[in-house]
Structures are given as structure tokens and as C-alpha cells.
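In the text below, chain A, chain B and the rest are named by the order of the sequence lines, each starting its count at 1.
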Amino acid sequence: MAMIEVHELTKRYGMATLAVDRLSFSVARGEILGYLGPNGAGKSTTVKMLTGIIRPTSGTIHIHGQDLAKHSISAKACMGYVPESGGLYESLTAHEFLQLVGRLYQMEDALIDRKIREFLKLFSLEEYQRQRLAGFSKGMKQKVLIAAALIHNPEIIFLDEPLSGLDANTMLMLKEMLRDLAKQGKTIVYCSHILEVVERLCQRVIIINAGKIVADAKVEDLKSITAQPSLEGVFKQLTMAEDAAALGRAFSKVVTERP
Amino acid sequence: MIIWATLAKHMGIDYHQYRHLLIASIRMDFRSNNWQPGHGRPSAIPPLLINLSAYSLFSLLILFVMIANFRLGILLSILFTMVSLSLVIMIEFGATIINPYDFQIIGARPVSSRTYFAVKLSNLMFFVSLYTLALNILPALAGAFSPGSAVYYPAIHMAATLLAAFFTAGSLAMVYGVMLKLFNPERFKDIITYCQIVLSIIIFSGYQLIPRWLSDIRDMEAFSSFWLMLAPPIWFFRIVDLGLGKYSVGNVAGTLIGLTATTLVCTGLLSSLSLNYAEHIARLMVTRREKPPKERTGWAMRLKARLQQRLLPNPQERAIFGLIVQMFRRSRFIKQQFYPNIGMNLAIFAVNLFGNTGADPYAPGAGRFSFALFVPMITFMILTNAVFSLIPYSDEYSGRWIFDVAPLVNKRQIVTSVKKAILVFFFPATFLLNFLLFAYYWPIGDALYHAGFGLIVGLVFLQIGAFFLPALPFTRSATKGSTSANALLTSLVMVFCTIVFVVLQVLSLRWQGLTGFFALSAGLLTLAAILNARSNAAFAQKSLFSSEREGVF
């Protein structure tokens, strides 16, 4: 059963910018989908539309069989989202923020408290739970965001650069957790620029460029079609117009320029 | 609890979510979110408490009027509540309704548009109630002892002023809501900033004109005029009258209009605007600016570069100056807070231009200072106060790290750049408007030196304002009431100075003509120069960078 179904999804900003152009794809239960693209390709816009934060210009999104435009509340209730940036009330403490999120999902206070305790323990944040998020490091904030996305046991999880700022051990733990959740039937959409992680974690990858899907296949299939040894090579071949080495040299020249 | 939940459900609001979101939002508003690693302890006194204390002090003025003239005091109380709240909402609290800052957090959660809007509106009304209480509690209590009053007067007074406050807040929220619906997000963001000017002109002009007009009315029965029923403060004034047992057709009609209007505004907001509120806010959040930047011609660029080299010889000064200018030009957050101050100044000019009969209102005589000097003093005071109050705050405060990593060696140059930006971009226009206002009534020479004297007083205010600059430009997140609190503290000092200047003039009546003008101007310029050096030194002593503060995380 497809947990996410996207049909002809389009997003325009004004008349000039076409951020996402007629995307169609579906994601099955228990699947980990890698969603890749260069900067400005439309990844975050797509995720914001899929999570109901912004409304598409045209096209439809079905979450767990429900039309997101018509049944947004019930569709949102079964999804969790780790945004790329922001997404926290920094004046609240970690405990207060997670408690608020749990309550918004109509969870019982006892269950919320138990989950908060366990999450914060797993993320080594126990001693900071009564401190305001404004004082947290980037990695600590990211851990709170991840906990907030998972606290209500969602069926579908959207992760936009979830490893940003995390230490190596937490990254390993998170990757294992995602694999385990997928085995339990959770659907995961994973956006990232760290291609090695996507290659190892995701069964299938969608690559978008300039708002359009340029590839949608299993990682191994993509590598054999493009005759590239790694996902990085595939990504470069499909999305990069210029030679990376030449661009790097040009940058270096600008950096060392003298008056 | 069950009644509230049922009522909320009937209105399409999830009471459970509403309650928790509202509590969280109010809790956040009472906390200073400027606490960062290296900032030490969070502020002990939230800006809101400073504001509320200041408003309680202001209410003493109303109290004195009430003791002198009970009914005039009631009207002034209602009027002052409505005007103060309008300005506070426009400058700071309006953002509660139209700022999409937390939609990133709430947008992906199962919270309905109506619940989200109800939280925003309730948050606004909560703070409106607090301000109303601060402004009215003392006059309400004093009113109970006035002749013709009753023991239960405080309850009636508070009910009427709270209704007036809700009507004011609801009306402004309605204006924002209608604009949010009518215009596309990009235009809305521009329009809202310009609307601030228009609204502040209307509100502030009304506030200036009504007391003048009131002073002409000795017989309060003049309020029975039909046309006055069109003025919202009169509706709420009638409620108090009716509450005191003065049954008349006018009082009943006024009460009914006031109650109906407040109910319509509040329920209208919930029923019409809240339905698509989340969608409008989401559009605001993702909208992008499509207007390409203006291209400057070669000679204009060269002239600008040459002027900058002259005015700002140091690259550090140029950097800060450029940042201030770009933020005031482009940041809608800053424009929204700053433009009402321009509106207030324009209202002062307009009231003085059109509020008179056409004859010379000041009768300055040849070279004599007059009461009219309040106009340039107040306009320069409002201007400098607004800029210095706003400069520390920005919604783009996360860029503050740049100051911590850049090798800023001379802190004095930072405050000097701020002063130069104010001098270059705000002072000439204010001087010109003052000059034009005076030139309308007086000979050019008189107008010139009155406007010039205002400019010199403005220079003194500029230096006073610099003492109150607490942080580097645009490095703090604006908590609710922070700008107002900053402005209140600064303005209290400036008001004191204005009084001193006026006293100085009165004392120096014998220095008339140009000699007097030059003598007083020279004295003030010397004072400005001394304050300039002192304020620069004081700023350099402040702990501005993370490395200078205690409590590193």
C-alpha cells in the first residue's frame, strides 16, 4: 500500500519562479526514500508541501490514503517532520517544548513524560531538559527536533537534513533507528546532501533538479544505468553542468586575490 | 472547563490544543529570548513589566484629570487607552497576528486554522487586557470617590475600558486580516508597512485634536450630539454613563452600538478570517521578492562612494553604516516598527498645519522663541528615540555571530556609525518638514532659525539616545514589549530634557533675536559635543561581544 502518493505536484512562487514542476511519485509502507537534489532544486519546497506547511499551486497529495488538502488534520496526525532549520520555540525548555508537541498530538501527559524522559536519556540531554532551547548547541537542538518528530509514533517520517550538527555516535544511532523503524513498517522520506549516508540507508532514491524529477530508481539500478561506482557519481552526472575541479580552482583563486 | 471546550468545539477550535498553545505562547512572551550562550543570565525584568509599570505611571495623569473633572477624566481614560493600545499593537503586538515566525513549527502539526488563529487572537487580547489594567486601575479606583460616582464605579470603568480595548485590538486585527485576504503576500508585506504610517497619522491626529477640541467644551452635555455617536470612544463613554444610572436614549444607543461593534469585530474575525488564516500565513512565510534591485548609474555610484569615503573614512564604520541603511530600507520587521513613528511625526505636522484657523498660531514676534518650538523638539525626540530603540532588535538577529568573529577593534566607531546613519537619513527630512511648517506661517528667517534650533536640540537628543543603545545593531531578538520598553526609558529622559530646554527659554526671555538664538544654540552644540564624547566612551565600555560576557555555555 502506498503511504504517500503525489500526483502532478507543482509549486510556483509568483509568476517567475517555478520551484516544483509536476512531480509524481509514491512511497510504500516500510520504504526509506532518499530525496536528493542540488541547492534550490525544490527539495525543501516538496517536503513543506508534503507536510502540509505550504499549499501546492496544483496537483494532489495523499497521505495514508487521505487527501492532504481535504483532510489535513488527520493526515498530519500520522506524520512526523524534522525541518531543515528553525522549528523550535527557543524560549521554552526542551521538556516544555516536547510536552507541548505531545499535547498537540492529543497524547496523555503520562505517556508524554515517559517518552520525553526516554528520548532525552537516549540523546544524552537529560541534564539539560530544564534549560531553554536558546542555549542549546546546533546538535542538541537537532536532537530535540528529532524527538519532537517521533514522540507521537508517526507512520510517516519526513527528515530534512536530520544529521545536521549531530556527532558521529548520534548519527550512527539515528541511522540504525531509522532502519529499525522502516522494518516496523514506518515510511521514511529522507532529504540530505550527504550522499554516502543516503546510499547506505535508502532503498530508493529520487533526484530532482530545477524542480523536475531526473531520476527515480533503486540506488543499485541508478549506478548501473549511469555506469557510476557511487551515488555521488550518479548525482554529479545528473545534476552538475560544470566541472567540479575547475570550479574549485576558480574559487580558490578568488579567495587568495590580493589588492 | 466543559463549557469552554463545548463552546470552542462549536467554533471549530480544539480546546485542548488551544489551551496548551496559548499557555506556551504567553510563557514565551514573558521570557527574554535573548539569552544565548555567553549572554549570562536571562533578563531579570521582562520588558513587559517595564511597560506595564510605565503605563501605570502615565495613568496618574488621567487620575489627576479625573479628580479635577470626573466626566472629562472618564473620556480621556477611554481615549488614551484606545490610542495607546493602537500604537502599541501597530508597533509591536500586531506581529502576533501577521508574523509567520512559528508556522514552521505549527504548520506540520495537526492544528486547525481556527485553533491557530484563536491562539494568536487570544494572545493579543491577553496583553491588551494587561495594558488596559495598567492604564486604568488607578483612575478606576479614584473614580469611586468622585462626586456623582458610585461604589461600584471601578467595575464599570474597567468593563468599559476593556471593551474599548478589545474593540481597538479587534479592529486593527480586522484591518490586517482583510489586507491579508485582499492582497497577495508580497504586496501585503509592503502595504502593511505603509498602512502603519496612515493608521498612526489617523490615530495620533485624533489624539492630538480631540483634547484640543475637548478643552473648548466646558459643558459635557455637548456629547449628546448625533455626529459624536460616530466616534468609538463615545460609545464606551456612554456605557460608563449608563452604568452610573444615567438612563437616556443616547446612553442606551451608545452602549448598544459599543457592545454590538465589539462583538461583531471579535466574532467576525473568528468566523471569517480564521478559516483560511493558516493558508495566508503559509503564503506569507514562503513568499519571495521578485522585484529586481535598482541599478545605479556610473556617476551616482561614484558620488556615493566619494561621499562615503568622506563621511565614513574607516571600513568598519562603513560596514555598520551600510548594515543600518540596508536594514531600514529592506527589513519589513524594522519598517513595521519604525513607520508608525514617522506617522506620529507627520501627524504632529498635519495637526499644526491644519488644526489652526490659518492665522499665525504662535505669534512669535521678531526673533522671539515661542511655544511652537515644541514641534521640532518632539519630532526630533520621536525620531531619535525610535531609531535607538529599534536598532538592537531584528528578526534576522541570528546573523549576530558576524560581530563575534570579525576583528572589530574600535567600539566607538560602531556607535558613531549609528549616529551618522541617523544624521544622514533622518535628520534632514525632519528639519525640512519643520522648516516648511514654520514657513507656512512665518517669514523664512524666523522659520529657518526655529527649525534650526530644533535641529540642534535633535543633535542633543541624538547623543542622549546613544547612551541607551544597549547592544550591537540588529543582534537581539525582539521579545514582546522590548522595543516599547526601550523607547519608554529613553523617552522619559528626553521628555525631561525637553522640559529643561523650555525652562531655559523662559528664563532667557531677555535673550531675544539672533543673539539669543546663537547664544543658546552654541550652548546646546557644546553640550551635544560633550555628550557625543561621553556616549561614545560609554558605549565602548559595554560588553557587546560573546567573549566579553560571562556564563559561556
Side-chain angles (χ1 to χ4, degrees), chain A residues 11-17 19 44-45 47-55 69 71-93 96-97 99-107 109 128 131-137 140 145 148-149 152 154 158, chain B residues 12 14 16-21 23-25 27-40 42 100-116 184-187 276 278-292 398 477 479-480 551-553:
Chain A
K11 182 68 191 177
R12 269 183 188 281
Y13 294 113
M15 289 311 289
T17 315
S44 292
T45 301
V47 173
K48 277 179 185 158
M49 285 192 283
L50 294 179
T51 50
I53 293 177
I54 57 173
R55 190 168 274 208
H71 308 284
S72 67
I73 302 297
S74 51
K76 283 176 182 180
C78 65
M79 58 168 96
Y81 172 45
V82 178
E84 187 184 14
S85 59
L88 286 170
Y89 286 124
E90 298 205 349
S91 303
L92 297 183
T93 66
E96 285 167 349
F97 180 73
Q99 191 179 49
L100 173 70
V101 171
R103 284 169 169 171
L104 292 181
Y105 286 94
Q106 316 285 351
M107 292 168 68
D109 277 2
Y128 305 108
Q131 288 189 17
R132 290 188 204 171
L133 294 168
F136 277 32
S137 71
M140 290 159 80
L145 279 174
H152 59 290
F158 294 95
Chain B
D14 184 316
H16 180 78
Q17 290 178 336
Y18 165 82
R19 191 164 67 95
H20 292 301
L21 275 172
I23 291 169
S25 71
R27 181 181 282 160
M28 284 187 282
D29 288 333
F30 273 95
R31 286 178 182 172
S32 162
N33 59 357
N34 286 308
W35 184 76
Q36 293 291 323
H39 273 228
Y101 73 100
D102 65 349
F103 196 67
Q104 178 94 323
I105 307 168
I106 300 296
R109 321 262 175 218
V111 178
S112 73
S113 182
R114 279 184 194 260
T115 307
Y116 184 47
N184 71 48
E186 188 51 50
R187 285 191 67 196
N276 298 317
E279 194 188 323
H280 294 312
I281 289 293
R283 280 164 60 210
L284 271 184
M285 188 179 72
V286 297
T287 187
R288 294 173 185 184
R289 194 170 188 86
E290 289 177 13
K291 224 191 289 179
S398 54
S477 150
T479 39
K480 251 185 203 138
V552 173
F553 186 76

key: Part of H20(B) within contact of chain A (heavy atom distance under 4.5 Å)   = both
ask   = At a heavy-atom separation under 4.5 Å, does F97(A) approach chain B through its side chain, its backbone, both, or neither?
value = side chain
Closest non-hydrogen atom pair, A24(B) against L92(A) = O-CD2, 4.3 Å
message = I need the minimum non-hydrogen distance between A108(B) and Y81(A), along with the two atoms involved.
response = CB-CD2, 3.7 Å
Choice from L50(A), L145(A), L88(A) maximising heavy atom contacts with chain B below 4.5 Å = L88(A)
note = When the 4.5 angstrom heavy-atom criterion is applied to I106(B) and chain A, the contacting part is side chain
query = Judged by atom type as modelled, is there a donor-acceptor pair below 3.5 Å linking the side chain of K76(A) to the main-chain atoms of G107(B)?
reply = yes
message = Which residues pass the ring-ring contact (aromatic ring centres under 6.0 Å, His included) test with Y89(A), not counting sequence neighbours?
response = none
key: Partner set under ring-ring contact (aromatic ring centres under 6.0 Å, His included) for Y116(B), not counting sequence neighbours   = F103(B), Y277(B)
query = With chain B, which of M79(A), Q106(A), Q99(A), H152(A) has the greatest number of heavy-atom pairs at distances under 4.5 Å?
reply = Q106(A)
Engaged part of A75(A) at the chain B interface, taking heavy atoms whose separation is under 4.5 Å = neither
note = Shortest non-hydrogen pair, S91(A) vs M28(B), comes out as CB-CG, 3.7 Å
key: Side-chain heavy-atom pair D14(B), L104(A) within 4.5 angstrom cut-off   = no
message = Are the side chains of Q17(B) and R103(A) in contact, using a 4.5 Å heavy-atom criterion?
response = no
query = What part of R27(B) gets closer than 4.5 Å to chain A, counting heavy atoms only: side chain, backbone, both or neither?
reply = side chain
